[in-house]
Amino acid sequence: MRALHGGSGRLKTDVLIVGAGAAGLMCAITAGRRGRRVLVVDHANRVGKKILMSGGGRCNFTNTGTSPANYLSANPHFAKSALARYTPADFVALVEKHGIAYHEKELGQLFCDDSSKQIVRLLLDECAAAGVRVETSCGVERVRRTDEGFAVLTARGEVHAESLVVATGGLSIPSMGASGFGYELARQFGHAVLPVRAALVPLTLSGKHQEHYADLAGVALPLAGTRVGKRAFRAGLLFTHRGLSGPSILQISSYWQPGDDLRLDLAPDVGLGDWLVQQRGARPAAELKNVLADALPKRLAQRLCELVFESRPMRQYRDADLREIGRQLHDWPITASGTEGYRTAEVTLGGVDTDGLSSSTMQSRLVPGLYFIGEVVDVTGWLGGYNFQWAWASGHAAGEVA
């Protein structure tokens with residue numbers, strides 16, 4: 001490993017990266033390959049904690065269908081440059097180089113066959129090959145600008161660096177050490193930080209809505225539609241003790257805000273109105289709740305009949321009645337009261353305003369040598385590997401120049 005001490009005895013490096021997550025490690029690898037002396041520090045006791053827990057322990061490390069349309073940002077064009085220059089295929093090539101077996105689960109989502117530990121190992125092996133030094137349990141206490149770059153006081157002494165890369169993540173999952181340090185650092189150097197909130201997070205219900213659905217906890221729909229305004233997603237839905245979860249809810253949570261009208265399509269692949277008319281002809285004596293249990297989970301079908309629809313024998317319904325029931329089930333209103341918050345959120349929406357950053361290098365427009373990458377920036381991906389791809393792409397963009 002290349003020495004990082006200068007002749008004065010001070011710890012010196014070309015590039016200091018704060019945060020040993022996906023973005024920080026990718027930046028370190030890219031800069032190290034250029035021959036830059038790179039030090040990565042992280043206050044956590046191990047690197048890549050969010051990588052390790054992602055995808056149920058198998059790490060949904062990218063999505064083959066990644067495009068700028070899969071991201072939320074005050075500037076929807078900002079992510080284009082970095083994403084174009086480091087693609088899912090680039091990261092897949094790295095995965096294959098390390099002999100990691102993977103599979104596509106659905107919708108372009110790629111997962112490790114075995115364990116997310118393999119992705120962390122890949123990153124650390126690449127760091128080692130590039131001469132990168134990684135220090136854990138090493139928090140940052142103070143940062144100041146110097147004539148030569150930056151002086152950063154860490155738990156293990158002061159480090160002097162030409163370039164400083166902030167890869168500290170957002171506020172999601174504080175139990176793993178998430179903090180607002182990156183936002184504080186951005187403000188210290190004059191950057192605007194856009195309002196942040198939990199995203200890719202379960203929604204909560206309250207009052208009558210919670211009373212109506214709380215005891216359905218555990219009931220799942222393999223496919224449901226969720227809609228807020230013109231934004232809609234189709235994926236699984238899960239009732240919980242406190243509200244709603246599942247992929248379709250996590251997706252829509254990035255767009256939902258308190259007071260928004262939330263609509264559920266409980267059977268998006270079935271034209272329920274016509275289907276119910278057909279079922280009346282085939283099963284005229286069957287009760288509505290039992291017929292609906294063939295299209296929806298039984299407990300949910302029974303609850304909806306208790307709440308809204310009288311459950312009578314099918315022969316007692318007119319065509320218009322059944323088609324109206326079908327219409328309502330495809331556009332079911334439900335009032336969410338909030339989210340589960342950062343405790344369970346997969347990402348943080350908002351962050352360092354992209355107006356102050358170069359889209360091609362992620363460098364500050366205000367402070368030469370200062371970079372912001374990954375989740376700390378106001379670029380937030382959909383569920384399904386998109387946030388990892390942003391981490392790889394933004395880390396690579398900064399690493400090419402830092």
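Values below: every heavy atom of this structure, side chains too, minus hydrogens, waters and symmetry copies.
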Are the charged groups of [X] and [Y] less than 4.0 angstrom apart, N to O?
| X | Y | answer |
| --- | --- | --- |
| D215 | R303 | yes |
| R58 | D114 | no |
| K208 | E211 | no |
| R85 | D90 | no |
| R234 | D269 | yes |

Step-by-step side chain to side chain contact (heavy atoms under 4.5 Å, CB included) determination, I119 to V95: CA-CA 8 Å; I119 299 297; V95 168; 4.2 Å; yes
If we ignore hydrogens and angles and just use 3.5 Å, is the side chain of [X] paired with the main-chain N or O of [Y] as donor and acceptor?
| X | Y | result |
| --- | --- | --- |
| Q251 | L383 | yes |
| T13 | R37 | yes |
| N70 | G381 | no |
| N60 | L110 | yes |
| S248 | G236 | yes |
| R36 | V15 | no |
| S116 | G57 | yes |
| T154 | C138 | no |
| Q118 | S115 | yes |
| S394 | G374 | yes |

Ring-face cation of R144 near F150 (centre distance under 6.0 Å, axis angle within 45°):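 Judged by the rule, R144 and F150 form no cation-pi pair.
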Please check if the number of heavy atoms outside [X] that lie under 6.0 Å from its [atom1] is greater than 12.
| X | atom1 | answer |
| --- | --- | --- |
| E96 | CD | yes |
| R156 | CZ | yes |
| R242 | CZ | no |
| H98 | NE2 | yes |

Heavy-atom check, side chain of [X] versus side chain of [Y], under 4.5 Å:
| X | Y | result |
| --- | --- | --- |
| D294 | W275 | yes |
| L203 | L262 | yes |
| D14 | R34 | no |
| Q389 | N63 | no |
| E306 | K289 | no |
| L370 | R145 | no |
| I325 | L288 | yes |
| R231 | I252 | yes |

Would you sort out whether V40 and C127 count as a side chain to side chain contact (heavy atoms under 4.5 Å, CB included), showing the intermediate values? CA-CA 10 Å; V40 183; C127 279; 5.5 Å; no
Kindly give the heavy-atom pair with the smallest separation between L272 and H330, and that separation in Å.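 In this case the closest contact between L272 and H330 is N-NE2, 3.1 Å.
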Where V376 and I373 come nearest, the two heavy atoms and their spacing: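 Nearest heavy atoms, V376 then I373: CG1-O, 3.3 Å.
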Does the salt bridge (Lys or Arg N to Asp or Glu O under 4.0 Å) test come out yes or no for R280 and D319, once each step is laid out? CA-CA 9 Å; R280 183 191 58 198; D319 284 10; 2.4 Å; yes
Please check if the distance between the ring centroids of H43 and F181 is under 6.0 Å.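 Centroid separation for H43 and F181: 6.0 Å or greater.
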Under 6.0 Å between the ring centres of W390 and Y386?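 Not under 6.0 Å, so no.
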Stepwise side chain to side chain contact (heavy atoms under 4.5 Å, CB included) test for T339 and W256: CA-CA 10 Å; T339 77; W256 177 88; 3.9 Å; yes
First locate atom CE of M53, then atom CE of M176, and finally report the distance between them rounded to the nearest 0.5 Å.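 M53 atom CE to M176 atom CE measures 5.0 Å (nearest 0.5 Å).
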Which residue in the set L223, L221, T226 passes side-chain contact (heavy atoms from CB on, under 4.5 Å) when paired with P268?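 Answer to the side-chain contact (heavy atoms from CB on, under 4.5 Å) test with P268 among L223, L221, T226: L223.
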Check whether the side chains of [X] and [Y] place a donor and an acceptor atom closer than 3.5 Å, and report yes or no.
| X | Y | result |
| --- | --- | --- |
| E375 | S172 | yes |
| S358 | Q363 | no |
| Q328 | E324 | yes |

In sequence, state the C-alpha distance, the side-chain angles, and the governing distance for F91 and M26, and then conclude on side chain to side chain contact (heavy atoms under 4.5 Å, CB included). CA-CA 10 Å; F91 193 77; M26 177 55 77; 3.9 Å; yes
